[in-house]
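Working notes, structure below.
Whatever order the structure lists ligands and atoms in, that order sets their numbers, starting from 1.
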Amino acid sequence: MSSKGKMAAGGGIIAIVVILLQLFGGETGKQIAPVLDQITQSQTTQQYTQDRELTAEEREVGDFVATILADTEDVWHQVFQENNLGVYQEPKMILFTHAVETACGVGESAMGPFYCPADQNVYMDLVFFEELRTRFGAKEGDFAIAYVTAHEIGHHIQTLLGTSQKVRELQQRTNQVEANKLSVALELQADFYAGLWANRIQKYLIAEDIEVAISAASAVGDDAIQERFQGRVNPDKFTHGTSEQRVYWFTKGFKTGDIQQGDTFSKVLN
Ligand SMILES: [Zn+2]
């Protein structure tokens, strides 16, 4: 990793490493699908690290994400303490474009941002964020980015609390349809945790921020995505929940601010 690629974040202690990997052969020309955090082993064999300075826009998005990360740390330290959950272990955030090598396999831009439980890093895709900004506008786009960041941190919380491990074990013992339901419950809980975070920082928010987060949550619902990319909706293939479910759980987290209210599993599985 080059020192050129490392970015000092405004927040001080935040460890941010920028990795700029590009698939061998340059642009893949792939469509960026707004599918959050799906990571699979990729067959990419040859990669090289591209050494370059961040563009002004990437730096701006990176600084913003670093601020959000610092906010999530304040909130989760507090929530863990209040609920006797031990000491909150902070995740590391890695910004990338195109592709990135992780303990969970190779992450590609087309997947959007994701969390890898094996290395406890949050991988943030700068291309995806630029797309969000284009879709929502720069100002509104920022809270959409904040929501996505808080959602990924939600997966980190699930890893620290052992929920993710339990779900993976259950998924290995069941059929695909049930495994997908478990995945939906896990994703909705990450949305709930994002809402909980928004509750704790609400004095810094305006009503529009929450509307943007809700509209982002709605835009990344499985039904919305399937409709957009496949032209039809197949509930058995849902892995993240419908737009309505995602909005419901984000809102519930935002309204209650109480980690005890986030049992998405009994609701989705019954
Ligand atoms: Zn997720």
Exercise for the section: Taking the side chain as every heavy atom from C-beta outward, state whether Val75 and Asp71 have any pair of such atoms under 4.5 Å apart. Expected result: no
Completion exercise
For the Zn ion (ligand 1), the nearest N/O/S atom on His155 is atom NE2
Practice task
Starting from the Zn ion (ligand 1), look over the N/O/S atoms of Glu187 and name the nearest one.
Solution key: OE1
Handout entry: Min side-chain heavy-atom separation Gln78-Glu82 under 4.5 Å
Key = yes
Fill in the blank from the handout: Given the options Tyr147, Tyr193, Trp197, Phe250 meets ring-ring contact (aromatic ring centres under 6.0 Å, His included) only with Tyr147
Handout entry: N/O/S from His240 sitting under 2.8 Å away from the Zn ion (ligand 1)
Key = no
Practice task
Quick one: sort the Tyr123 and Phe114 rings into parallel, tilted or perpendicular, breaks at 30° and 60°.
Solution key: parallel
